[in-house]
Amino acid sequence: MHANSAITDNTVTIVSNECIGPDVSLIAFRCPEIAMHAKPGNFVNIKINPQNEPLLRRPFSIHNIEEDRVEIMAKSVGCGTNLLSRTPAGSTLQVLGPLGNSFTIDTPDYDTALLVSGGIGTAPMRFLEKVLLTRGKKVHHIIGGQSGRDIQKRGLTNYHIATMDGSHGYRGTAIDLLRQKYASFSGSGPIKVFSCGPNPMLKALAAFCQDHALPCEASLESIMGCGIGICYGCTVELKNIFDNETSTILLCQEGPVIEAERLLF
Ligand SMILES: Cc1cc2nc3c(=O)[nH]c(=O)nc-3n(C[C@H](O)[C@H](O)[C@H](O)COP(=O)(O)OP(=O)(O)OC[C@H]3O[C@@H](n4cnc5c(N)ncnc54)[C@H](O)[C@@H]3O)c2cc1C
Ligand code: FES
């Protein structure tokens, strides 16, 4: 989980902005400076409107890198993301990145990576899967959503889907499905879990991983401002691993990826 030291602020041109699901857009721009240094788990902080509203940048996980092309997957939840979804190809954005730390991939202690995501938390998983496969790891995804319309699986392989309404795949939560499938994954060597999604999912996943002595990293979200450790807008309280105390971190600096055993909800 290393922080990225090659941060640049770039004026980029959107090459495509495609609606890929209800309120979800896939936005691509060319930026060799970010593409060259990005690692799975990193994020970018985007000034969506050169005018005032919204004034602050908005953070998005890096979804995919293809040569110098960077992709993000954005769910419309408010003024910035609504505006981004309507910003056409040819428009410019100001993009700071790559920011934050990254998932810890290059360790020899696992053969199989379980990527567990929920809702828009699937956004960082495509880039993560690509890099894991280049390292010779086996990859399985567990993807959860309220209904089939919430599932974003484009570009992913070897996925298992759970929906709360049963409209796609298993009926239940991603963690219910993980419980059911776990025996079939655990036959193929040591496992490490990588995750991103809503807090109730991460909480249940952290408990599952603790019960099964599985290492687990989770990418968290918080409100952010600067993305680079200046505004103190992204404080998150976490458990210390070696004592029973808690400490407060800046998620843009020490995260967004943290060890799941540190989660407090
Ligand atoms: C490291 C990181 C990576 C992220 N990656 C993605 C991604 O890949 N795709 C994606 O769609 N979203 C991602 N998010 C969340 C995204 O940044 C917020 O949804 C966005 O900033 C909301 O901006 P807005 O102007 O549309 O909403 P606002 O109008 O500012 O707020 C609308 C609602 O969203 C809530 N909100 C605002 N910011 C956040 C936030 N950072 N986290 C959670 N809730 C928030 C507000 O409390 C409010 O309820 C990420 C957040 C972080 C911190
Ligand atoms: S977002 Fe400003 S300190 Fe983290």
Side-chain angles (χ1 to χ4, degrees), residues 1 3-4 7 9 17-29 34 38-49 51-65 70-87 93-103 115 117-129 143 145 150-152 154-156 194-202 217-238 248-258 265:
M1 288 191 273
N4 210 307
I7 300 167
D9 196 9
N17 185 347
E18 190 188 343
C19 177
I20 58 165
D23 298 327
V24 179
S25 306
L26 189 68
I27 296 135
F29 52 85
I34 292 177
K39 296 190 178 108
N42 286 159
F43 68 97
V44 290
N45 211 11
I46 301 185
K47 177 79 176 124
I48 295 166
N49 187 349
Q51 274 84 46
N52 286 341
E53 198 49 44
L55 188 59
L56 294 176
R57 292 177 189 239
R58 297 293 191 254
F60 299 93
S61 302
I62 295 175
H63 168 66
N64 191 25
I65 302 276
V70 180
E71 292 175 1
I72 59 163
M73 193 193 271
K75 184 169 176 67
S76 297
V77 295
C79 68
T81 46
N82 286 336
L83 180 61
L84 186 60
S85 72
R86 289 185 273 107
T87 306
L93 299 170
Q94 198 65 27
V95 183
L96 182 69
L99 300 174
N101 66 358
S102 52
F103 289 107
L115 278 50
S117 61
I120 195 65
T122 308
M125 296 306 176
R126 182 164 184 197
F127 187 23
L128 177 58
E129 172 183 325
I143 306 174
D150 300 319
I151 303 292
Q152 300 302 332
R154 200 150 99 155
L156 305 181
F194 300 88
S195 63
C196 185
N199 284 347
M201 186 201 90
L202 295 180
E217 290 183 346
S219 180
L220 301 189
E221 284 194 9
S222 72
I223 302 288
M224 283 193 182
C226 67
I228 50 172
I230 296 169
C231 72
Y232 280 64
C234 63
T235 55
V236 172
E237 208 180 349
L238 296 176
T248 302
I249 64 154
L250 293 180
L251 195 67
C252 71
Q253 296 294 286
E254 291 185 48
V257 178
I258 60 115
F265 289 105

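For ligands, and for the atoms within them, numbers begin at 1 and follow the listed sequence. Side chains included, hydrogens not; waters and symmetry mates left out as well; all remaining heavy atoms used. Computed from a prediction, not measured in an experiment: that's the story for all the values here. All residue numbers refer to positions in the sequence shown, counting from 1.
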Pull out every atom of ligand 2 sitting under 4.0 Å from any heavy atom of [X], numbered as shown with elements.
X: G229; result: 3 (S)
X: G227; result: 1 (S), 2 (Fe)
X: G225; result: 1 (S)
X: C231; result: 1 (S), 2 (Fe), 3 (S)
X: Y232; result: 2 (Fe), 3 (S)
X: I230; result: 3 (S)

Among protein heavy atoms, which lies nearest [atom], and at what distance?
atom: atom 8 (O) of ligand 1; value: S61 N, 3.1 Å
atom: atom 4 (C) of ligand 1; value: P59 O, 3.5 Å
atom: atom 4 (Fe) of ligand 2; value: C234 SG, 2.2 Å
atom: atom 29 (O) of ligand 1; value: C79 N, 3.2 Å
atom: atom 30 (O) of ligand 1; value: R58 NH2, 3.1 Å
atom: atom 11 (O) of ligand 1; value: K75 N, 2.7 Å
atom: atom 39 (C) of ligand 1; value: I223 CD1, 3.5 Å
atom: atom 32 (C) of ligand 1; value: V77 O, 3.5 Å

message: Between I72 and I46, is the side-chain contact (heavy atoms from CB on, under 4.5 Å) condition met? List the steps.
response: CA-CA 11 Å; I72 59 163; I46 301 185; 3.6 Å; yes

Within the 4.0 Å heavy-atom shell around [X], which atoms of ligand 1 are there?
X: M73; value: 7 (C), 8 (O), 9 (N), 10 (C), 11 (O)
X: A123; value: 8 (O)
X: M224; value: 53 (C)
X: T81; value: 24 (P), 25 (O), 26 (O)

Heavy atom of protein inside 4.0 Å of atom 48 (C) of ligand 1, strictly below: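 So atom 48 (C) of ligand 1 lacks protein heavy-atom neighbours under 4.0 Å.
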
field: Any non-hydrogen protein atom less than 4.0 Å away from atom 25 (O) of ligand 1
entry: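 Yes, there is a protein heavy atom closer to it than 4.0 Å.
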
- prompt: Evaluating non-hydrogen atoms only, which member of G233, C234, S222 is closest to atom 40 (C) of ligand 1?
  reply: S222

Side-chain donor or acceptor of [X] paired with backbone N/O of [Y] under 3.5 Å:
X: S195; Y: E217; answer: yes
X: N45; Y: L96; answer: no
X: H63; Y: A123; answer: yes
X: N17; Y: I27; answer: no
X: N42; Y: P98; answer: no

query: Which atoms form the tightest heavy-atom contact between G100 and P256, and what is the distance?
result: CA-CD, 4.0 Å

field: Non-hydrogen atoms of C252 and G229 that approach each other most closely
entry: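 In this case the closest contact between C252 and G229 is SG-N, 3.2 Å.
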
What about [X]: any of its N or O atoms under 3.5 Å from an N or O on ligand 1?
X: G80; answer: yes
X: G78; answer: yes
X: E221; answer: yes
X: F60; answer: no

Once rounded to the nearest 0.5 Å, what's the spacing between atom [atom1] of [X] and atom [atom2] of [Y]?
X: K75; Y: S85; atom1: NZ; atom2: OG; result: 11.0 Å
X: F60; Y: E221; atom1: CZ; atom2: CD; result: 9.5 Å
X: M224; Y: L56; atom1: CE; atom2: CG; result: 12.5 Å

query: Under a 4.5 Å cut-off applied to non-hydrogen side-chain atoms, are T235 and I249 in contact?
result: no

- prompt: Is there side-chain contact between V70 and N64, with at least one heavy-atom pair below 4.5 Å?
  reply: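 Side-chain contact under 4.5 Å: no.
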
- prompt: Is atom 4 (Fe) of ligand 2 less than 2.8 Å from an N/O/S atom of C252, whether that atom is in the backbone or a side chain?
  reply: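 Yes.
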
- prompt: Can a salt bridge be assigned to the pair R154 and E18 using a cut-off of 4.0 Å between side-chain N and carboxylate O?
  reply: yes

query: Salt bridge or not for D9 and K47, using N-O below 4.0 Å?
result: no

message: Show, in sequence, the C-alpha distance, side-chain angles and deciding distance for L99 and V44, and conclude whether the side-chain contact (heavy atoms from CB on, under 4.5 Å) test is met.
response: CA-CA 6 Å; L99 300 174; V44 290; 5.8 Å; no

message: Once you restrict to heavy atoms under 4.0 Å, what part of I120 touches ligand 1? Side chain, backbone, both or neither.
response: side chain

